[in-house]
Amino acid sequence: MEIYSYIEFVADQMAELTGNEVKMLLFLLNEMNKRYWRPVTMPESTILKALNISRPTFFEIRERLHSKQLIFYQSNGRYAPTYALHFHNVRRKALDE
């Protein structure tokens, strides 16, 4: 199953992640697990409260996880953003080996 490959991929990169990046990634993994691995649409305020971080820190962490291709997010205008996992990186990594 793809999720197990993704988790292995993330575990390999854990040493390079900050504590807040790990917290946010695990939070999103948990939320997506509750939804049978479908993308999650969630207000930023919900994530801020759950992780107990400031808004600037949240945006910084989200960008870093996105740039490391661990998560994907899409802004939905005035509605809550949608978050998803980057499964395609696992496939690309497997092809490179």
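Since we're looking at a predicted model, the values are computed, not measured. Hydrogens, waters and symmetry mates are skipped; everything else that's a heavy atom, side chains included, is used.
- Residues passing the salt bridge (Lys or Arg N to Asp or Glu O under 4.0 Å) test with E60 are R64, sequence neighbours excluded.
- Remark: R38 CZ to N33 CG distance equals 12.0 Å, nearest 0.5 Å.
- A donor-acceptor pair under 3.5 Å links the side-chain atoms of H66 to the main chain of I71, judged by distance alone.
- Checked against side-chain contact (heavy atoms from CB on, under 4.5 Å), E16 has no partners two or more places apart in sequence or in another chain.
- When the shell of 6.0 Å around CG of N76 is examined, it contains more than 12 heavy atoms from other residues, nucleotides or ligands.
- Partners of R35 by salt bridge (Lys or Arg N to Asp or Glu O under 4.0 Å), not counting sequence neighbours, listed by chain and number: E31.
- One distance of note links CG of N20 with CG of L25; it measures 12.5 Å at 0.5 Å rounding.
- Residues satisfying the side chain to side chain donor-acceptor pair (under 3.5 Å) criterion with S54, sequence neighbours excluded, are T57.
- Applying the side chain to side chain donor-acceptor pair (under 3.5 Å) rule to T41 yields the partners T82; only residues at least two apart in sequence or on another chain are considered.
- Applying the side-chain contact (heavy atoms from CB on, under 4.5 Å) test to A50 and every residue at least two apart in sequence or in another chain returns F27.
- F59 pairs by the ring pair (Phe, Tyr, Trp, His ring centres under 6.0 Å) definition with nothing, not counting sequence neighbours.
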Point to revise | Steps toward side chain to side chain contact (heavy atoms under 4.5 Å, CB included) verdict (L17, K68) | key: CA-CA 10 Å; L17 300 177; K68 292 176 183 180; 3.6 Å; yes

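- Every residue two or more places apart in sequence or in another chain that forms a side-chain contact (heavy atoms from CB on, under 4.5 Å) with L48 is listed here: I53, R55, F58.
- Between Y73 and Y83, the ring planes are tilted. Angles from 30° to 60° get that label.
- Here the side chains of L85 and F72 are not in contact, with every heavy-atom distance at 4.5 Å or above.
- Side-chain atoms of R62 and P81, non-hydrogen and from C-beta on, do get closer than 4.5 Å to each other.
- Here the side chains of I47 and L51 are in contact, with some heavy-atom distance below 4.5 Å.
- Listed here is the closest heavy atom pair of I61 and E21: CG2-CA, 3.8 Å.
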